[in-house]
Amino acid sequence: MELKPQHGLLKSLVAKKILMALTGLFLCLFLVAHLSGNLQLLIPGYNGRLQFNSYAVFMTQFPLIKIISYVLYLSIIIHVLDALVLTIRNRRARTVDYAVKSGYGSTFASRNMGILGTLILIFLVLHLANFWYKYKFGEMPYMVSPEGYFVSQKGEAIAGAVLRDGHLWVNGVDKGPAMKDLYEVVRLAFSQLWIVAIYVLSMIPLGYHLAHGFQSGFQTLGLRFGRAFSLIRTAGLLFAIIIPLGFAIIPLIFYFFPEKLN
Amino acid sequence: MKLFSISDKKLDGKCPTGPIEKRWTQHKASIRLVSPANKRRLDVIVVGTGLAGASAAAALAELGYNVKVFCYQDSPRRAHSIAAQGGINAAKNYMNDGDSVFRLFYDTVKGGDYRARESNVYRLAEVSANIIDQCVAQGVPFAREYGGYLDNRSFGGVQVSRTFYAKGQTGQQLLLGAYQALMRQVGRGQAKLYSSHEMLDLVVIDGKARGIIARNLITGELERHGAHAVVLCTGGYGNVFFLSTNAKNCNVTAAWRAHRRGAFFGNPCFTQIHPTCIPVSGDYQSKLTLMSESLRNDGRIWVPKRKDDPRKPTEIPEDERDYYLERRYPAFGNLVPRDVASRAAKERCDAGYGVGPSKMAVYLDFSDAIKRMGRAAVEAKYGNLFEIYQLITDENPYETPMRIYPAVHYTMGGLWVDYNLMSTIPGLYVCGEANFSDHGANRLGASALMQGLADGYFVLPYTIGDYLADDIRAPKIDTRHEAFEEAEKSVLERIEKLLSVRGKTPVDVLHRKLGLTMWDYCGMSRNAEGLEKALKIIDELENEFWKDVAVPGTDKEWNKELEKAGRVADFFELARLMCIDALHREESCGGHFREEYQTEDGEALRRDDLFSYVAAWEYTGHRQSPVLHKEDLIFEYCKPTTRSYK
Amino acid sequence: MKVYLKVWRQRHARDAGRFVDYTVDGINPDMSFLEMLDVLNNRLISQGEDPIAFDHDCREGICGTCGLYINGRPHGPVARATTCQVHMRHFKDGETIVIEPWRADAFPVIKDLVVDRSAFDRIIQAGGFVSVNTGQAPDGNAIPIPKEDASKAFDAATCIGCGACVAACKNASAMLFVAAKVAHLARLPQGRIEARERVLNMLTQMEEEGFGGCTNTGACEAECPKAISLENIALLNREFIKAKCAL
Ligand SMILES: Cc1cc2nc3c(=O)[nH]c(=O)nc-3n(C[C@H](O)[C@H](O)[C@H](O)COP(=O)(O)OP(=O)(O)OC[C@H]3O[C@@H](n4cnc5c(N)ncnc54)[C@H](O)[C@@H]3O)c2cc1C
Ligand code: HEM
Ligand code: SF4
Ligand code: FES
């Protein structure tokens, strides 16, 4: 048979959906990395603080990570815009709706990916404003060692250094940029109940989004072969529980058991 | 008034002569061809998209004719052929069990109780193998063995395994193959599809079929369609009995309208009653469901020895059961042909041994099979049928025997056609169940699908060329011709008449009464007295119909009641012809059992000296006596013998 | 038994439509759902009222003509059954039953509960076939096909084109229907040859008809009377990716 004239690649619903899956699964990977980084917040004492802040430095400065982070921003933007277009197109396919709906055979999550995603998006904006923006462009406290010295980005406490323009100076010699204390920002934020509440509650839509999204991404990419797929499904459910739980546990510990972190 | 008159001219089936195995080849070589350039200028109308229609329309469009194809369903894929379960026969001899074209030919002629044309049946057997090849190439997923080769099963009491199947959905898979081939042509623009269109009349110009009048069932508009030839593939008329295994919308209208325009109707009384159907359970019942014949391979049929035995079937001990088929037909037992099995069930129930609430059922028992093969094996073989049974009856056939009873299933009769599948109206071809053709007085299982596809893929595309070769200079058919005018007017008048009755009785109610009458007097067994009575009742019911039928709504909208009313009106006329045919055929053969003509032990008594012919009826007017034309049947290869299954 | 019906009545495509209440009494639980509607319709007809328009043909679950949305579920409450295979014993005495047509912009309402599903035919026309002319075929056993492939192809091919998948899907997507055909043919050597054109043509047509896209909710699979598996949609996605990579 002849190939009929095709729409542009990205106009096709399946292509759009594949883009959703690629970006979504990439975001899942990111979540793993992000969570393992953040869990360093739970290491007690000065070491924990130092390790976490060093990690923050690493994340903003290592060139490969930088590239990956741009891919990440792009993924989020594409994922969100694509989600918007798809959701609108899919809604247009049924302009007169049923009077009675049972939802039989589909999960709550699968039917509400748009809403769940929007909740995640709102959270994301708050979250980025809270930490990422502040870290990059805002007023930040700087890391101070137990002896009361500023700390360089390499993690060395530098005796007698003074802070000017974000750099440490010892006797007029620039010892390099100072380490910002993101940990402190986190600690302060998570000492406020309402912020803790938002962080914990936002993990619920994330969990649901992943509960459907993880396995759905594989299905979309056609990665479904016999029994292996039920493994993917189980893995997706575990993923959807463990990741949000991991994220939620951090503010909870900061708020309820701050002494454990000392 | 005389019931009918007899024409003294014999009807000629135009069968080729010579050695039977060469006839089709020689015929093909001798008929005329139409060049590709000329095919482009020729229009063909195909009515029907079942196996016969879809295959014919696709094959003709592939050849380059401009095809217009019609069906009343909303999609061609929903034609009644979709429901066929068991399989399709073909003389492939893949099983190496001694099958051959000749054996399939022989089995079919014998199975039809020597009332079919040898030449046609031989051709059918000959092309049967090509059908399988074609369907496999289309992607029909037939059952296969572990080695990857096609599997066969045995069917209908023949001695070889020649039935190809796709689980219990063979008809569906074959039809989808043909449908897809047709959709390919529609996509190419070579065929034009008119779904939700019902043909309501045939247009005949200068003695040739030149078009149809169709009603768009969605808008209600009447449309004229012209063509150089018209092919009817409109299926069988089993629904004259109201309750049957046919789809609810199956009807005789297209064939009957053509009959009224001059096409002879062949053997209308030859009806097949299938022995294994789920029995009627109430007077609201709209439809009967077939349980595949294959169940008789392992199930045993019985009734209690005691009349009105109140016990549950599982509580009746072995020695109080009457396995009447095994008793009467020790050689074939439960595997006797359909007509024999059906009559035996009726005989037991009429004698008062029937079971179930209606007492019109017998048991089909799998307990022995489960003991012998294990439940798992029974489930693997028949699981989906058991499921259907349970869905309908809410009873578990693994635990309690099924209740079954015969039901109307297939009509061997239909429009008379010659060897070229052309009716007595030049240019009007008839394929599939709609023609009277190849099955004589009784059809073997898995042969209808074979015939439909043989006609459509491999016979008609050749034979129609012979006729159209004369028409290559004929211009496009002008639908402003007065014959179209007249036909459209008569269709419209009939619709208006139906709508103007504004009575109180719904169509279904009258249809059900007609069906019961036919079942009682022109069903599994018939006698002169009953048939004469039926003729009277039919007239009365028809009068009542035109006086009191309730057809709501208008003709300019989707109106199912109007559709049904038109069909039932035609069923009344057909019913009359069926009874006349049954009355005139004073013998018993195949599905036609005349009580007056039976042997001492109640078997069918064929009278070859008097009735070895096809009865083709000519229409002479409403309630006028029809004219009987005889086409003599000559048996050179299968000499008629008494069918015995004892 | 007795049931209360709320039935969608709409005189024609442009009519606004509304629910109308009916009470049906004296129902035998062994009646099929459609027989219950027959009884109601015959009553309406005798009273000179317009009967409820619904379509049906085989009444045994194979032709795909029937299709009513009953209490929020296509084909009603029985799994793996079409509307015509649902019996009244599956409802409670005194129950209220809401009956709606399939709702999808690609399936416009014709009348009451009857919708136009010709979009499905056009999708098949776009590529749901093997291009083989009558007479071209080699012997049926010329190409052996592994039993496993043949039986998976068969499972996909059992789709009856009823449209319940579209009706069930929140996006009114026809992906399960399209996937069933793509998968049926892609799994057979005869269908592989045109696999690329088929998947692209059919998907393009599906979009042109106005169906939505798949979001893998699985409602179609759960409501499909023939239990066509979502695996087929995954296969379709693979075929799509393969086809696009081959461009
Ligand atoms: C339950 C059941 C199971 C069966 N199982 C088997 C089996 O296993 N093996 C076997 O060989 N046979 C079987 N048969 C018989 C076989 O299915 C049929 O004989 C065969 O399918 C008929 O095919 P057809 O193409 O002639 O007609 P149909 O499939 O009946 O098609 C008729 C077509 O004509 C159209 N039509 C009719 N009238 C009009 C009109 N006026 N205007 C427009 N269109 C019209 C319809 O829309 C339809 O498309 C079975 C039959 C039944 C009932
Ligand atoms: C951490 C963040 C996120 C992750 C890990 C994530 C992950 C995923 C995954 C894996 C999928 C499944 C893709 C598929 O079915 O093929 C998906 C789908 C979806 N996501 Fe996200 N997502 C995230 C954020 C968002 C945001 C912010 C939105 C915003 C609106 C969103 C909206 C959607 C929607 C609507 C779908 C379903 C699209 C469809 O099925 O067609 N997601 N997501
Ligand atoms: S996939 Fe299932 S629900 Fe969809 S049309 Fe086919 S049979 Fe109906
Ligand atoms: S009427 Fe044929 S599937 Fe229901």
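The sequence lines fix the lettering, A, B, ..., with proteins before strands; numbering per chain opens at 1.
- Between the C:Glu35 side chain and the C:Ser32 main chain, a donor and an acceptor come within less than 3.5 Å of each other.
- Geometric assessment of B:Arg567 against the ring of B:Tyr72 yields a positive cation-pi assignment under the 6.0 Å and 45° thresholds.
- With a 4.5 angstrom heavy-atom cutoff, B:Gln85 touches chain C only via side-chain atoms.
- Of the listed residues B:Lys92, B:Gln173, B:Gln73, the one with more heavy-atom pairs under 4.5 angstrom with chain C than any other is B:Gln173.
- The local environment of NZ in B:Lys504 is sparse, with at most 12 non-hydrogen atoms from other residues, nucleotides or ligands closer than 6.0 Å.
- Atom NZ of B:Lys167 sits in a sparse spot, with 12 or fewer heavy atoms from other residues, nucleotides or ligands closer than 6.0 Å.
- With a 4.5 angstrom heavy-atom cutoff, C:Leu34 does not touch chain B via any of its atoms.
- Contact of C:His90 with chain B is not made at all, since no heavy-atom distance falls under 4.5 Å.
- For chain C, the option among B:Met183, B:Gln185, B:Gln180, B:Arg78 with the highest count of heavy-atom pairs below 4.5 Å is B:Arg78.
- Interface residue B:Thr245: only backbone heavy atoms are found under 4.5 Å from chain C.
- Within the 4.5 angstrom heavy-atom criterion, only backbone atoms of C:Gln136 (N, CA, C, O) approach chain B.
- Ranked by heavy-atom pairs shorter than 4.5 Å toward chain B, the options C:Ile145, C:Asp30, C:Val132, C:Thr158 are led by C:Ile145.
- Few gaps surround OH on C:Tyr22; more than 12 heavy atoms of other groups in view lie less than 6.0 Å from it.
- Between the side chain of C:Asn201 and the backbone N or O of C:Ala126, at least one donor-acceptor pair lies under 3.5 Å.
- Of the listed residues B:Leu63, B:Asp133, B:Val136, the one with more heavy-atom pairs under 4.5 angstrom with chain C than any other is B:Asp133.
- Neither the backbone nor the side chain of B:Leu182 has a heavy atom closer than 4.5 Å to any heavy atom of chain C.
- Both the backbone and the side chain of B:Gln138 come within less than 4.5 Å of a heavy atom of chain C.
- Using a 4.5 Å cut-off between heavy atoms, B:Thr393 touches chain C through its backbone atoms (N, CA, C, O) alone.
- Checking C:Val20, C:Ile70, C:Thr23, C:Val24 one by one against C:Leu5, the side-chain contact (heavy atoms from CB on, under 4.5 Å) holds for a single residue, C:Val24.
- Applying the 6.0 Å contact sphere to CZ of B:Arg512 captures more than 12 heavy atoms from other residues, nucleotides or ligands.
- Proximity to chain C (any heavy atom under 4.5 Å) is shown, for B:Leu150, by both the backbone and the side chain.
- Of the possible donor and acceptor atoms, one in the side chain of C:Asn232 sits under 3.5 Å from a partner among the backbone N and O of C:Ser229.
- Residue C:Asp38 touches chain B through its side chain alone, counting heavy-atom pairs closer than 4.5 Å.
- Most heavy-atom pairs under 4.5 Å with chain C: of the set B:Tyr146, B:Tyr457, B:Tyr94, this distinction falls to B:Tyr94.
- If you check the side chains of B:Asp74 and B:Ser196, you find no donor sitting under 3.5 Å from an acceptor.
- In this structure, the portion of B:Leu288 lying under 4.5 Å from any heavy atom of chain C is its backbone and not its side chain.
- Neither the backbone nor the side chain of C:Glu148 comes within less than 4.5 Å of any heavy atom in chain B.
- In this structure, the portion of C:Asn28 lying under 4.5 Å from any heavy atom of chain B is its side chain and not its backbone.
- In terms of non-hydrogen atom pairs under 4.5 Å with chain C, the most contact-rich of B:Arg184, B:Glu557, B:Lys248 is B:Arg184.
- By the neighbour-count criterion of 12 heavy atoms within 6.0 Å, atom CZ of C:Arg80 is sparsely surrounded, having that number or fewer from other residues, nucleotides or ligands.
- Ring-centre distance between B:Phe142 and B:Tyr149: not below the 6.0 Å cut-off.
- For chain C, the nearby part of B:Tyr179 is the side chain; its heavy atoms alone come within less than 4.5 Å.
- The number of heavy atoms from other shown groups lying within 6.0 Å of NZ (B:Lys192) does not exceed 12.
- Proximity to chain C (any heavy atom under 4.5 Å) is restricted, for B:Lys560, to the side chain, taken from C-beta onward.
- For B:Gln134, the parts lying under 4.5 angstrom from a heavy atom of chain C are both the backbone and the side chain.
- Note: C:Phe177 and C:Phe120 meet the aromatic proximity criterion, with ring centroids under 6.0 Å apart.
- The parts of B:Asp394 that come within reach of chain C are both its backbone and its side chain, each placing non-hydrogen atoms under 4.5 angstrom from that chain.
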